[in-house]
Amino acid sequence: CRKRSSTSKKSCSTSGQIDNTQAQINVLTNKIGLLDTMIAENNASIADLEEEIDQDYAIFRQRARASYMSGDSSTISLLLGADSFSDSLMKADITARVAENDRAIITGLEENISELQKLQEQNEANKADLNASKGTLDEKKQQLNGQVSQIQGQIEDIAALQKQYE
């Protein structure tokens, strides 16, 4: 491009711009594909978490309902209503295990809900990035079309000059 006429230099410059714009379009296209994949994976994880939360919540609801329906089952009444010391120890152990299980369910629900919120926030950020990238891609495609039109015009000018010299 260095030892050519000014029209050829413009053509080389525009050709370089076209290559640069095409490279930017390729990068944006790859980024959009990656974001689409990440969003799809997050959606699958969100669906799994929502199902797990629903199941854990149903289990906890059943436990709470069973506890309510059993009536007066406080720790004191269980221990005082025991027939023997070993019976009271067994009831205390059962009560502790039930309480531990309930805490585990609640902790699992809290962790899953927190993870769900995190995934939803990531998805929103990815969707915003995706929309911005699509907008930039459209701009770059328009820019590329303009550059191609410009170089086609230059080619037509060169062809016209060649006809004049022939």
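Sequence positions, counted from 1, serve as the residue numbers for this chain.
Note: the hydrophobic cluster containing L130 also contains L28 (ILVMFWY, side chain heavy atoms under 4.5 Å, direct or indirect links).
In this structure, OH in Y57 is found 9.5 Å from CD1 in I113, a value given to the nearest 0.5 Å. In this structure, CG on L137 lies 4.5 Å from OG1 on T29, to the nearest 0.5 angstrom. How far CD1 of I25 is from CG of N30: 12.0 Å, rounded to the nearest 0.5 Å. How far CG of L161 is from CD of Q164: 5.5 Å, rounded to the nearest 0.5 Å.
The side chain to side chain donor-acceptor pair (under 3.5 Å) search around S114 returns none, not counting sequence neighbours. Applying the side chain to side chain contact (heavy atoms under 4.5 Å, CB included) rule to I105 yields the partners I59, F60, N101, L109; only residues at least two apart in sequence or on another chain are considered. With sequence neighbours excluded, the residues that form a side chain to side chain contact (heavy atoms under 4.5 Å, CB included) with E111 are T107. Legend: residues meeting side chain to side chain donor-acceptor pair (under 3.5 Å) with E124, ordered by chain and number and at least two apart, are absent. The side chain to side chain donor-acceptor pair (under 3.5 Å) test applied to N131 returns no partner, not counting sequence neighbours. Under the side chain to side chain donor-acceptor pair (under 3.5 Å) criterion, Q24 pairs with K140, not counting sequence neighbours. Judged as a side chain to side chain contact (heavy atoms under 4.5 Å, CB included), and not counting sequence neighbours, the contacts of Q55 are E51. K31 pairs by the salt bridge (charged side-chain N to carboxylate O under 4.0 Å, His left out) definition with D129, not counting sequence neighbours.
Applying the side chain to side chain donor-acceptor pair (under 3.5 Å) test to residues at least two apart or on different chains, the pairs with a partner in residues 37-49 are N42-N123, N43-N123. The salt bridge (charged side-chain N to carboxylate O under 4.0 Å, His left out) analysis of residues 52-65, with sequence neighbours excluded, yields the pairs R63-D102.
With a 4.5 Å cut-off between side-chain heavy atoms of Ile, Leu, Val, Met, Phe, Trp and Tyr, the cluster of V27 takes in none.
Comment: K134 does not engage D138 in a salt bridge, judged by the lack of any side-chain N to carboxylate O separation of less than 4.0 angstrom.
Test Q147, Q142, K141 against T21 for side-chain hydrogen bond (donor to acceptor under 3.5 Å, both in side chains) and you get one pass: Q147.
In plain terms, the two heavy atoms of L49 and L116 that are nearest each other are CD1-N, 3.7 Å. Summarising the geometry of S133 relative to L35, their closest heavy-atom pair is OG-CD1, 4.3 Å, with the distance given to 0.1 Å.
Here the side chains of I106 and R103 are not in contact, with every heavy-atom distance at 4.5 Å or above.
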